[in-house]
Amino acid sequence: MTALIRFVIRPLPADLLDAVRRTRRDAADRPVEAATAAGGEPLRCCLRDAEPGEELLLFGYAPPVAAGPYREIGPVFAHALPCSGPESTGSYPAAWRGRGQVLRGYDRRGRIHDGRRHDGADPESVIAELLADPAVRQLHSRNVVHGCYMFAVDRAEE
């Protein structure tokens, strides 16, 4: 059994969200789309699903990896106005517990280095297993069906 490793969950950075909200442009300099939530859209600002009627932005986001062939831009939802952020960054998002996800490990060069699917019941053990490999610098959580980026996971500083 892998010992649990302390980790930090990283929602979309506040400065990036501020810039997207202010400029209405995304990572590829494309216009963002305003939307009213139908309900269930995964919000990368506060790491929960949207409630029906919430005002959102849909835009392209480049997850944090080194420049190179594994760098990509994909769609994400966030609140149209600043929110309080996630309940905690020291634990797995409570609202998404029980939801299957893929955890993709990246090395220092920004290349994929291992990964696992989990069913959401015990994501901490999968996070610990992947972060136990010293070659893994960061994890990205991904939606199983659509492959969309959800959040990053880093080792907690001791």
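Given the structure is predicted, the values throughout are model-derived calculations rather than measurements.
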Legend entry - In one Ile/Leu/Val/Met/Phe/Trp/Tyr side-chain cluster, 4.5 Å: Ile5, Phe151: yes
Inset, instruction - For the residue pair His118 and Glu129, establish whether any side-chain heavy-atom pair is separated by less than 4.5 Å. - result: no
Legend entry - Pro75 and Leu58, any side-chain heavy atoms less than 4.5 Å apart: yes
Inset, instruction - Answer yes or no: does atom CZ of Arg117 have more than 12 heavy-atom neighbours from other residues, nucleotides or ligands under 6.0 Å? - result: no
Inset, instruction - Find the distance between OG (Ser141) and OH (Tyr92) and round it off to the nearest 0.5 Å. - result: 4.5 Å
Inset, instruction - Please report the shortest heavy-atom distance between Val136 and Gly105, naming the atom on each side. - result: CG1-CA, 4.0 Å
Inset, instruction - Would you name the heavy atoms of Pro86 and Thr89 that are closest together and state the gap between them? - result: CG-CG2, 3.9 Å
Legend entry - Flag side-chain contact, heavy atom, 4.5 Å: His79 against Leu56: yes
Inset, instruction - Would you indicate whether the side-chain heavy atoms of Arg99 and Pro93 approach each other to under 4.5 Å? - result: no
Legend entry - Euclidean distance, His140 NE2 relative to Tyr106 OH, rounded to 0.5 Å: 5.5 Å
Inset, instruction - Following the transitive rule for hydrophobic clusters with a side-chain heavy-atom cut-off under 4.5 Å over Ile, Leu, Val, Met, Phe, Trp and Tyr, establish whether Ile9 and Val126 coincide in one cluster. - result: yes
Inset, instruction - Give the minimum heavy-atom separation between Arg21 and Cys83, together with the two atoms involved. - result: NH2-N, 4.5 Å
Legend entry - Atom CZ of Arg97: over 12 foreign heavy atoms under 6.0 Å: yes
Inset, instruction - Answer yes or no: is there a side-chain heavy-atom contact under 4.5 Å between Arg24 and Leu57? - result: yes
Legend entry - Side-chain heavy atoms of Met150 within contact of Arg142, under 4.5 Å: no
Taking distance alone, no hydrogens or angles, what donor-acceptor pairs closer than 3.5 Å link side-chain atoms of residues 35-43 to residues at least two apart or in another chain?
from	atom 1	to	atom 2	distance (Å)
Thr36	OG1	Glu55	OE1	3.3
Thr36	OG1	Glu55	OE2	3.2
Glu41	OE1	Gly39	N	2.9
Glu41	OE2	Ala38	N	2.8

Inset, instruction - Measure the CZ-CG distance between Arg22 and Asp15 for me, rounded to the nearest 0.5 Å. - result: 10.0 Å
Inset, instruction - Identify the heavy atoms of Asp114 and Arg116 that sit nearest to each other, and give their distance. - result: OD1-NH1, 2.5 Å
Inset, instruction - Check the hydrophobic clustering (I, L, V, M, F, W, Y; side-chain heavy atoms under 4.5 Å; chains of links allowed) and say if Tyr149 and Leu139 are grouped together. - result: no
Legend entry - Expected output: side-chain Arg104 to main-chain Ile112 donor-acceptor under 3.5 Å: no
Legend entry - Heavy-atom pair with the smallest gap, counting every atom of Ser88 and Gly90: OG-N, 3.0 Å
Legend entry - More than 12 heavy atoms of other groups within 6.0 Å of Glu72 CD: yes
Legend entry - Pair Arg111 + Asp107: basic N to acidic O under 4.0 Å: no
Inset, instruction - With sequence neighbours excluded, tell me which residues meet side-chain hydrogen bond (donor to acceptor under 3.5 Å, both in side chains) with Arg137. - result: none
Legend entry - Verify same cluster id: Val32, Leu12 (apolar side-chain graph, 4.5 Å): yes
Inset, instruction - Identify which one of Pro82, Cys45, Pro11 satisfies the side-chain contact (heavy atoms from CB on, under 4.5 Å) criterion when paired with Leu17. - result: Cys45
Inset, instruction - List the atom of Asp154, the atom of Arg10, and the distance in Å for their closest heavy-atom pair. - result: OD2-NE, 2.9 Å
Inset, instruction - Please examine the side chains of Phe77 and Glu54, heavy atoms only from C-beta on, and report whether any two atoms are closer than 4.5 Å. - result: no
Inset, instruction - Say whether Val65 and Ile73 are linked into one hydrophobic cluster, either directly or through other cluster members, by side-chain heavy-atom distances under 4.5 angstrom. - result: no
Inset, instruction - May I ask you to test the Leu130-Phe7 pair for a side-chain heavy-atom distance under 4.5 Å? - result: no
Inset, instruction - Measure from the side-chain N and O atoms of Arg71 to the backbone N and O of Pro63, and report whether any donor-acceptor pair falls under 3.5 Å. - result: yes
